Amino acid sequence: MNRYNPLAIEAKWQKIWEDSRAFEVDESSPKPKKFLAEMFPYPSGAGLHVGHVRNFTIVDVLARYYSQKGYNVLRPFGYDTFGLPAENYAIKTGVSPKVATDTNVSNFRNQLKKLGFAIDWSREINTSSPEYYKWTQWCFLQLYKKGLAYQKESYQWWCPVDQTVLANEQVENGHCWRCGSEVEKKKMKQWFFKITEYADELLDDVDSLDWPDKIKTMQKNWIGRSEGAEIDFGIVDSKEEITVFTTRPDTIFGATFLVLAPEHPLIKNIVTDKTKSAVEEYCKNALKKSEIERQENKEKTGVFTGSYAINPATKEKIPIWVADYVLIGYGTGAIMAVPAGDERDREFAEKFDLPIVEISKVPEKPFGTPKTTYRMRDWLISRQRYWGCPIPIAYDKDGNTHPIPEEQLPVIIPEIEDYKPDNSGRSALAKATDWLKVTIDGEEMSRETDTLDGYACSSWYLWRYASPHDSAHAWDPKKIAYWSPLDIYCGGDHAVAHLLYIRFWCKFFADEGKLPFREPITKLLYNGYINAPDGKKMSKSKGNVVDPLDVINDGYGADTLRTYEMFIGPYDQDATWNPRSVGGVYRFLNRCWTLCFETELTDTKNDNLRHRTIKKVTEDIDRASFNTAISALMEYVNELYKVGASKEDLVVLSKLLKPFAPHLASEMLEQLSANDDWPVFEEKHLTSETVQIIVQVNGKLRAKLDLPAEELDNEEKITALALKNENVKKFVTTPKKTIFVKKAKLLNIVA
RNA sequence: GCCCGAGUGGCGGAAUUGGUAUACGCGUUCGACUUAAAAUCGAAUGGUCUCUACCAUAUGGGUUCAAGUCCCAUCUCGGGCACCA
């Protein structure tokens, strides 16, 4: 007797798909398009993990499903290859990041091919290849030309271990998102993208997205729009004014003091001889305090400047204080304190014995000028690191910035010996002295040594997929118009940063006339994590990592791995790996194989069962309920084992199975000489000749009546039969009323 | 502290619109096949009880002919935000 041999079947079909370029597509097809992608991975040296497999399999199931349904499906793949791990590895071993990255990419590619993904391999992209980052630099220049890429000197997050600045989005609880060390504030001149220009649209359009509510809420909170007003306060015995931001200008009659952030530039102008040293001391300490300390210690601290302002509503003299509960980066870095209306101001007033005055009246004419502020700041994109996309800018001898002309792109990363970053505020590229020199319009200039945040590289890659080898455009306008926007995007990370940035670039390039849509991602599937069998997070140090390639090579094969990861639970929930359940899925595929290759066909009429299964599996895939789709297939196979299977039963089984277990299903379809067109259920087969009526008494199940289907309309007869039933009679003497629900095939007798 | 989710057998989970709670899988038990084991096939499997039946979807109330599903309160766990004026 032959046995199911997944490794042989999978090698066979993988070769067929590779040789026939089975998943390559273009724009000439008359079919409707579908464009699907996962969040492309960072190819680490460790190779694929089971989390990747879950993410990519979801996309693969959908890609194959839509393809079987007759869509022209684009399912490309790429690698997000710039970043710190490759550079840190280079510092440790001396192996250049480029070499290490190439090795890792090729390892990833080989592993992906063993999983049988329906990838159009002709479209593979890699963000650290010059053909790609040439266009990342081009994108930067488009933003630069419109004033949306600019330099600004300010206090920035600095990671002392990675020796680079970080964006707000990359600081988690005061710690570096990569190395976990505590970040510091450092005053530096840095490059920014003006994402705040699009804050309103980014916020307002969130509601229209078919994305999980969780992600939508996080995006909204991140942008954090507040409507309010800016109000100017005159200072006693001074020509200076202090502008505050408030969301409640109507409470101005209760404003009894002002508070400035310790970094506020006006402080030095308003301190008096008496207060000067105390204020300076306070500000120095506040700046020295780490952000963690400032966040953790919510005990209010502050110091009086010695100066007074005039409340424009009450005309009263109110003291001006400095306190670190006011943040320099939000609003104007200064507030009017209304202790009667604001909890924090009250706490401060109580501690320092400042007046708390009830808000006596509301001004008839609103004070100040209306102003909207956002919690979101501009996106800091400079990185003082070697292994990133060089910012295509040069400085003349006066320090003015000049864009590198487009014909000189790409600005190639030079090979260097020493990758080590330092605290000079410049990347290791500063050591490449020859590379630094550049001539623009005959003038000798010096190149920018910062590289771009990796998130810039991933902010346009979806569009590159439409024309990955185009040497004249970042993306071909006709091709992008055909494929985009992305119909389904799947991933389990980057809830805020990446998804916000790519929306920002989309809106910008739409305004430039370069994209015919304003939202890049129609539907987002946000998948959960897979934990180790011990229920903990998988990690090398705990030694509990499940290697997906081991699962394949142990003999289970890729089909079992894929199907198991879809069966493990709802795709959007975290799950725990269970090796025994892997065996259960293998048994199921084995039973499919046995039905097809080792069992005699019968002429059993299973129309109802078969069409019910088609309906269930189709609808479950449509709502991304992959685990229940697979259990429907299991039920189908269990039933076919009992009653026997016709050829048609097996053809349908193979077709429905193909998105999950494509190798085995292809083998079965070949044996059955059938194509893989997605089967369509017919309503007429969903009705059966008999119908089971549930009889309840007071809502409790008391009997089941099996009747011919046409009796379902005969409520009177059903009621009569139910009341005659022995078991029902025990609970009913005289029915008060009966409720018949035809749709539920249920009769409830109220006794 | 504020805002979201979630809580169902020994375990992962199903129940899509309020209508048969526990599908499917794992595990366990029994049986068939085998010299034996594995594999495979078949059967049983929420609890109490001999059956009828009763009790069970975190806890306590409520609405309804009917509640895992809706409402109120409480507890537990998970996630996000957190001095944003």
Side-chain angles (χ1 to χ4, degrees), chain A residues 1 3 173 212-218 220-222 224-226 228 244-248 251 259 261 294-295 297-300 323-327 329-338 341-345 347-348 373-377 495-496 528 564 567-570 572-585 587-588 590-591 594 598 616 619-620 622-623 625 627-638 641-642 692-704 726-727 730-731 735-751:
Chain A
M1 184 167 158
R3 298 285 303 275
N173 259 329
D213 286 338
K214 187 177 88 175
I215 309 295
K216 286 162 73 162
T217 306
M218 281 167 76
K220 284 185 190 174
N221 290 344
W222 187 265
R225 177 163 62 196
S226 296
V244 305
F245 172 76
T246 177
T247 52
R248 296 293 306 276
T251 62
V259 189
R294 266 172 86 163
Q295 275 172 15
N297 184 9
K298 299 212 171 148
E299 181 75 15
K300 295 277 176 293
D324 67 2
Y325 81 93
V326 175
L327 309 175
Y330 186 77
T332 60
I335 62 157
M336 63 177 205
V338 184
D342 184 283
E343 211 181 301
R344 293 153 302 179
D345 296 344
E347 202 189 311
F348 193 81
T373 59
Y374 303 89
R375 189 186 165 283
M376 179 173 71
R377 315 291 152 78
V496 172
Y564 171 64
F567 186 64
I568 196 167
D572 56 348
Q573 282 176 28
D574 291 352
T576 301
W577 188 271
N578 181 347
R580 294 209 191 250
S581 291
V582 178
V585 170
R587 277 193 280 280
F588 160 65
N590 205 353
R591 281 160 77 83
T594 303
E598 293 293 317
K616 175 76 176 151
E619 290 177 356
D620 279 357
D622 281 335
R623 66 188 178 105
S625 180
N627 55 331
T628 56
I630 292 164
S631 52
L633 288 172
M634 288 173 168
E635 286 180 70
Y636 183 49
V637 167
N638 291 346
Y641 254 68
K642 280 186 198 140
Q692 189 175 64
I693 307 287
I694 301 304
V695 181
Q696 297 180 333
V697 178
N698 292 334
K700 284 193 177 169
L701 175 66
R702 297 302 177 191
K704 294 176 182 179
E726 285 302 320
N727 201 39
K730 282 191 230 165
F731 296 92
K736 285 192 189 116
K737 68 170 173 175
T738 59
I739 291 130
F740 181 67
V741 187
K742 187 180 166 189
K743 214 174 136 191
K745 296 173 201 151
L746 176 143
L747 177 76
N748 190 12
I749 302 164
V750 186

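Keep in mind the model is a prediction, meaning the values are calculated, not measured.
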### Query
Is A:D213 touching bases, backbone alone, or none of the nucleic acid, heavy atoms closer than 4.0 Å?
nothing

### Query
Would you say a side-chain N or O of A:N638 is under 4.0 Å from OP1 or OP2 of B:A23?
no

### Message
Using a heavy-atom cut-off of 4.0 Å across all strands, would you classify A:D345 as base, sugar-phosphate, or nothing?
### Response
nothing

### Message
So, does A:R591 get its side chain near the phosphate of B:G42, meaning an N or O under 4.0 Å from OP1 or OP2?
### Response
yes

### Proximal nucleotide (of B:A14, B:C83, B:A23) relative to the A:S631 side chain
B:A23

### Query
For A:I630, which contact category applies under a 4.0 Å heavy-atom criterion: base, sugar-phosphate, or nothing?
nothing

### Message
I'd like to know if A:K700 reaches the base of B:U20 with its side chain such that a donor and an acceptor end up less than 3.5 angstrom apart.
### Response
no

### Query
Within this structure, what is the CD-to-P distance between A:E347 and B:C83, rounded to whole angstrom?
13 Å

### Task
Using salt bridge (Lys or Arg N to Asp or Glu O under 4.0 Å) as the criterion, list what pairs up with A:K730, not counting sequence neighbours.
none

### Nearest-neighbour nucleotide for the A:V741 side chain, B:U20, B:G19, B:C24 considered
B:G19

#### Entry: Atom-to-atom span, CZ of A:F740 to P of B:C65 - whole angstrom
19 Å

### Query
What integer number of Å spans the C1' atoms of B:C71 and B:C81?
28 Å

### Query
Of all the choices, B:A85, B:U16, B:C65, which nucleotide is nearest to the side chain of A:V750 once you look at every atom?
B:C65

### Message
In this structure, how many angstroms lie between the C1' atom of B:A21 and the CD1 atom of A:I694, rounded?
### Response
13 Å

#### Entry: Glycosidic class, syn or anti, of B:G46 using a 90° window around 0
anti

### Task
Assess the side chains of A:N638 and A:R591: does a donor N or O sit below 3.5 Å from an acceptor N or O?
yes

### Message
I need a per-nucleotide contact map over nucleotides 76-81 of chain B, read 5' to 3'. Cutoff is protein heavy atoms under 4.0 Å; write B for the base, S for backbone only, - otherwise.
### Response
----SS

### Task
Using a heavy-atom cut-off of under 4.0 Å over every strand shown, decide if A:G584 touches base, sugar-phosphate, or nothing.
sugar-phosphate

### Message
Using whole Å, what does the distance between atom P of nucleotide B:U16 and atom NZ of A:K743 come to?
### Response
11 Å

#### Entry: Rounded distance in Å between the P positions of B:U16 and B:A6
14 Å

### Message
Taking the P atom in each of B:C4 and B:C72, what is the distance between them to the nearest angstrom?
### Response
12 Å

#### Entry: Closest to side chain of A:S581, choosing from B:A85, B:A14, B:C26
B:C26

### Message
Counting distance alone, no hydrogens or angles: does the base of B:C65 have a donor or acceptor under 3.5 Å from a partner atom on the side chain of A:K736?
### Response
no

#### Entry: For atom CG of A:N698 and atom P of B:A67, their distance in whole Å
10 Å

### Task
With P as the reference atom in both, quote the distance from B:A15 to B:U20 in angstrom, rounded to an integer.
13 Å

### Task
Verify the contact: side-chain N or O of A:Y641 to OP1 or OP2 of B:C41, cut-off strictly under 4.0 Å; return yes or no.
yes

### Task
Provide, to the nearest angstrom, the distance between the CG atom belonging to A:N590 and the P atom belonging to B:A38.
17 Å

### Task
Name the closest nucleotide to the A:R580 side chain, picking from B:G27, B:A21, B:A85.
B:G27

### Query
Does a distance-only test, which skips hydrogens and angles, find a donor-acceptor pair under 3.5 Å between the side chain of A:K745 and the base of B:U20?
no

### Euclidean distance, atom CZ of residue A:F567 to atom C1' of B:C24 [Å, nearest integer]
5 Å

### Query
Distance check: side-chain N/O of A:T628 vs OP1/OP2 of B:U16, anything under 4.0 Å?
no

### Task
Go through B:U40, B:C83, B:A14 for me and flag the one nearest to the A:R587 side chain.
B:U40

### Query
A:K730 NZ to B:A53 P: how many Å, rounded?
5 Å

### Dot-bracket notation for RNA chain B, counting Watson-Crick and G-U pairs under 3.5 Å, with | for partners on another strand
(((((((..(((......[....)))((((((.......))))))(((....)))..(((((..]....))))))))))))....

